[in-house]
Amino acid sequence: MAAAATTVSSPWRRALPAGGGLWAVALVLLGAALIALPVAGVFASFVHAEQSADTLAHLLRYVVPRAALETFVLALLVTAGVTILGTTSAWLVTALDFPGRRFFEWALLLPLAMPGYIVAYAYTDLLQYSGPVQSALRGAFGWEHGGYWFPDIRSLPGAALVFTLVLYPYVFLLARTAFAGRTASMVDAARSLGLSPWQTWLRVNLPLARPAVAAGTLLALMETLADYGAVSYFGVQTFTTSIYRAWFNLGDRLAASQLAAVLLLVVLVVVALELRARGQAKFFTAPNSARPAPRTALRGARAAFAVAGCSVPLLLGFVLPIAALLSLFFASATTIDWSRYVQWFGNTVLLGVLAALLTLAAVVGVAFAVRLAPRGGAGRAIRLGARAMNLGYAVPGAVIAVGILIPLAAFDNAVDGWLRSAFGVGTGLLFTGSVIALLYAYLVRYFAVAYQPIEAGLARITPAMEASARCLGASPWEAFRRVHLPLLAPSALAAALLVLVDVMKELPATLVLRPFNFDTLAVIAYQMAADERLGEAALPSLTIVAVGLLPVIWLSRAIERSSGR
């Protein structure tokens, strides 16, 4: 089969226009350069370090030590929380059988639709002094102000709790897939060696699932390091909030860029440590023909504990925040300015659709270049460029925003100055004053999000299909239009949906790069919550959550199909 595939793919490559390989290399490398530009712009700030020496010295003395400590503690708490919660819930629904298990298989993904900053607003309303929880406690026990202690949700532990509740589905999803690959022979071999069920889980099942758990934890950690809305609202000083403080409060873009470089180095170190911890270990999935390990049926108190173990993260991560937002919405429904809401919603959808189309076009072009890449040096260059373009998702939105704004602002000023001196006509801010900079940031950030579905969709299109189209006289463009596009349509729709949802939730880059008086739902929700107008922040927040449920529902249906239901 491999030989046949090679034979039929060769005519396809030979059918490319003359010089097509060079054009493909040039386009992919250009795309990789555009993706790398924000990172280069961030590190280039150290060339002019003397211009921000005073500000940087102030930040290094008063801001960076606390930011480093609180970032480290937050990352440590979130890592422990998502690992424990995600792995435990995945094991419960995969290895055990109890009432409601099939419901929890997909329902435990629902917190994934909740952005951290929105859950932070909801829990603040629930747990603050005037909120329903403390009010009920004072009414029930006769407590008075100052006469009792209640944990402050707007704190570093509170931020860690919020991130754990909304990010554990990353670990749950990947760990569930890994645990589902267990076979009866693994369990039988462990039990024949005298291992108890607990020892079997600890010494066999957990090590086999470790790569998946580590990958999910890494994703959750990246989201935590990149967040601005929740940590800013809770008063936690991380590297991300320090970047914004240097930018907006101190007015020093170079210092902000240097802090962004430090944050990016932290992210790279985290990724490197995870890869080093994985080492040379190899993990293989059992063949489809292997008999899956049976689930252990639970009854009575054990079943009740399993149901409770799955209900708690769902209740805390989705049900309670949604209930709080709905309560806030209904309490302030009569004061909502619907015309402004429609404007914010329109801006958000416009950005999401434009970003999805732009990213999809770029991804399809790069994915086809990789598919048609020859085996020589040009092919290696194309594949290397595609890998580089996929690294943007690991870069926090704040870093991308700073890295884009500095070079684009310099370009805008240079063009404007040249035109004024040559023709007496200014252009203003061509890129940084429009949505172009925002779309550029979204392309860098979410290229990898769209690339994975497109790459998987192309893998299902065999070279024989391409060869058949060519044998029937179709040109490369006709084959692409009549063969590839129809078969890629489901993958393209999924990729566009994922980008659209991520753009609607994106806060850090949008907050910095949006044009003047061009607000999105995420920005408005953050600004209203920061002004303690939680009731007015409820509707934008609920809208973001409602749209975010779409990919979660899609994932849930995929899980149901994989379960054979």
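Nothing here was measured: the structure is a model prediction, and the numbers come from that model. Values below: every heavy atom of this structure, side chains too, minus hydrogens, waters and symmetry copies.
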[X] side, atom [atom1]; [Y] side, atom [atom2] - distance, nearest 0.5 Å:
X: Arg514; Y: Glu506; atom1: CZ; atom2: CD; result: 12.5 Å
X: Leu458; Y: Tyr451; atom1: CG; atom2: OH; result: 8.0 Å
X: Phe239; Y: Leu264; atom1: CZ; atom2: CG; result: 12.0 Å
X: Asp519; Y: Trp344; atom1: CG; atom2: CH2; result: 7.5 Å
X: Gln258; Y: Leu263; atom1: CD; atom2: CG; result: 14.0 Å
X: Ile400; Y: Leu513; atom1: CD1; atom2: CG; result: 9.5 Å

Minimal non-hydrogen separation, [X] against [Y], with atom names:
X: Ser232; Y: Tyr526; answer: OG-OH, 3.1 Å
X: Gly116; Y: Val162; answer: O-CG1, 3.4 Å
X: Tyr440; Y: Pro38; answer: OH-CD, 3.9 Å
X: Leu507; Y: Gly229; answer: CD2-CA, 3.5 Å
X: Leu443; Y: Ala362; answer: CD1-CB, 4.0 Å
X: Val370; Y: Ala386; answer: CG2-CB, 3.5 Å

Tell me, do [X] and [Y] make a side-chain contact under 4.5 Å, heavy atoms counted?
X: Tyr168; Y: Leu108; answer: yes
X: Val267; Y: Leu225; answer: yes
X: Leu405; Y: Val512; answer: yes
X: Val213; Y: Leu174; answer: no
X: Tyr121; Y: Ser541; answer: yes
X: Val64; Y: Leu259; answer: yes
X: Leu77; Y: Leu156; answer: yes
X: Val523; Y: Phe518; answer: no

Residues [X] and [Y]: side-chain donor-acceptor under 3.5 angstrom:
X: Tyr442; Y: Thr510; value: yes
X: Tyr117; Y: Tyr228; value: no
X: Thr83; Y: Thr217; value: yes

Using modelled atom types and a 3.5 Å cut-off, is there a donor and acceptor pairing between side-chain atoms of Thr241 and backbone atoms of Thr238?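 Checking the backbone N and O of Thr238 against the side chain of Thr241, a donor-acceptor pair under 3.5 Å is found.
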Spell out, as yes or no, whether a donor-acceptor pair under 3.5 Å connects the side chain of Asn413 to the backbone of Gly417.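 No; judged by distance alone, with no hydrogens or angles, the pair does not exist.
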Apply the test side chain to side chain contact (heavy atoms under 4.5 Å, CB included) to residues Val499 and Leu360: give CA-CA distance (whole Å), side-chain angles for both, the deciding distance (0.1 Å), then the verdict. CA-CA 9 Å; Val499 173; Leu360 197 59; over 6 Å; no
Working note: Phe345 + Thr520, criterion side chain to side chain contact (heavy atoms under 4.5 Å, CB included); need CA distance, chi angles, decisive distance, verdict. CA-CA 7 Å; Phe345 182 79; Thr520 65; over 6 Å; no
With side chain to side chain contact (heavy atoms under 4.5 Å, CB included) as the test, would you mind laying out the steps for Thr240 and Asp227 before giving the verdict? CA-CA 7 Å; Thr240 305; Asp227 181 82; over 6 Å; no
Would Ile404 and Leu37 count as a side chain to side chain contact (heavy atoms under 4.5 Å, CB included) here? Give the steps. CA-CA 7 Å; Ile404 284 177; Leu37 179 61; over 6 Å; no
